[in-house]
Amino acid sequence: MTKGHPPPAGFRLLPEYFDREAQEALVDELRLVLAKAPLFQPKMPKTGKAFSVRMSNCGSLGWVADINGYRYQPTHPTTGEKWPEMPSALRKLWKAVAADAPEPEACLINYYATTAKMGLHQDKDEDMFSSPVVSVSLGDTATFRIGGTTRKAPTSSMRLTSGDVVVLGGESRLAYHGIDRVLPGSSTLLKNGGRINLTLRRVTPDQ
DNA sequence: TAGTACCA
DNA sequence: CGCC
């Protein structure tokens with residue numbers, strides 16, 4: 001149930017897109033990814049202020065944030081290694097919900113401990129916005145907020161539960177969005193609790 | 001402007 | 001809000 005002003009056109013919530021078995025399989029694959037590409041702590045450009053969320057990536061490009069800025073790069077910021085391959089289940093998801101878009105290049109992995117939050121922001125570090133951003137929620141339920149394409153536009157909030165998929169396409173591609181809070185103990189998927197969010201993106205224009 | 005505060 |  002969405003509370004507040006409706007999200008822009010092109011926003012889609014696909015509740016429980018992944019069933020429990022598929023979620024468990026995805027978590028198993030993510031553990032292998034994170035063993036090779038450990039979670040790191042992103043920092044705000046200029047100020048160096050830490051995010052409460054920890055991050056990693058898989059795919060050919062990964063999003064990183066540090067004192068120097070936000071960017072996509074082919075290697076992990078601390079190990080210097082290439083990002084691990086994107087799990088096939090995620091490529092399959094992209095094909096199913098973003099059929100007209102070129103292959104996804106980046107999968108940002110955000111880990112929210114139960115106290116972590118993400119302020120309202122736009123995903124706009126990509127070089128093209130015609131492909132959607134596709135998100136997968138795993139683990140504890142979160143309160144997600146989405147507004148319009150300006151910071152002052154009215155927002156709405158909704159709960160995202162484990163297995164839910166969100167598609168930010170069309171007008172909603174550049175909508176401000178964020179995570180207000182994670183509800184502790186709301187899922188048994190992750191042994192140590194918290195929430196994993198995956199966001200699949202196309203970064204570079206299709207040639 | 002991916003931090004914070006606040007959110008009716 | 002106050003930051004670059």
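Labels below follow one simple rule: chain letters A, B, ... track the order of the sequence lines, proteins then strands, and each chain is numbered from 1.
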### Message
My understanding is that only residues two or more places apart in sequence, or in another chain, count here; which of them pass salt bridge (charged side-chain N to carboxylate O under 4.0 Å, His left out) with A:Glu85?
### Response
none
### Query
Heavy-atom distance under 4.5 Å between the side chains of A:Thr75 and A:Trp83, does that happen here?
no
### Message
Distance under 4.0 Å to a non-hydrogen atom of chain A counts as contact; along DNA chain B, which nucleotides mark the start and end?
### Response
B:dT1 to B:dC7
### Query
Is a salt bridge present between A:Arg145 and A:Asp180, judged by a nitrogen-to-oxygen distance below 4.0 Å?
yes
### Query
Base, sugar-phosphate, or nothing for A:Arg54, non-hydrogen atoms under 4.0 angstrom?
nothing
### Message
For DNA chain B, which residues of residues 63-71 of chain A approach it to below 4.0 angstrom with any heavy atom?
### Response
A:Trp63, A:Tyr70
#### Entry: Stems formed with participation of DNA chain B [Watson-Crick or G-U wobble, under 3.5 Å, three or more pairs]
none
### Summary
Residue set satisfying salt bridge (charged side-chain N to carboxylate O under 4.0 Å, His left out) with A:Asp123, at least two apart, ordered chain then number -> A:Arg201
### Query
With sequence neighbours left out, what residues match A:Arg12 under salt bridge (charged side-chain N to carboxylate O under 4.0 Å, His left out)?
none
### Query
With sequence neighbours excluded, what pairs up with A:Pro15 under the side chain to side chain contact (heavy atoms under 4.5 Å, CB included) test?
A:Leu13, A:Asp164
Short N/O separations, protein against nucleotides 2-4 of chain C, under 3.5 angstrom:
none

### Task
Name the nucleic acid region contacted by A:Asp125, choosing base, sugar-phosphate or nothing; use a 4.0 angstrom heavy-atom cut-off, strictly under.
base
### Task
Using the test salt bridge (charged side-chain N to carboxylate O under 4.0 Å, His left out), find all partners of A:Glu171 that sit at least two apart in sequence or belong to another chain.
none
### Query
Residues sharing A:Leu174's hydrophobic cluster, by side-chain heavy-atom contacts under 4.5 Å among ILVMFWY, directly or via others?
A:Phe129
### Task
Scan residues 87-102 of chain A for pairs that pass salt bridge (charged side-chain N to carboxylate O under 4.0 Å, His left out), counting only residues two or more places apart or in two chains.
A:Arg91-A:Glu103
### Task
Identify, residue by residue, the members of residues 140-171 of chain A with a heavy atom below 4.0 Å from DNA chain B, and return them in order of residue number, or none.
A:Arg145, A:Arg151
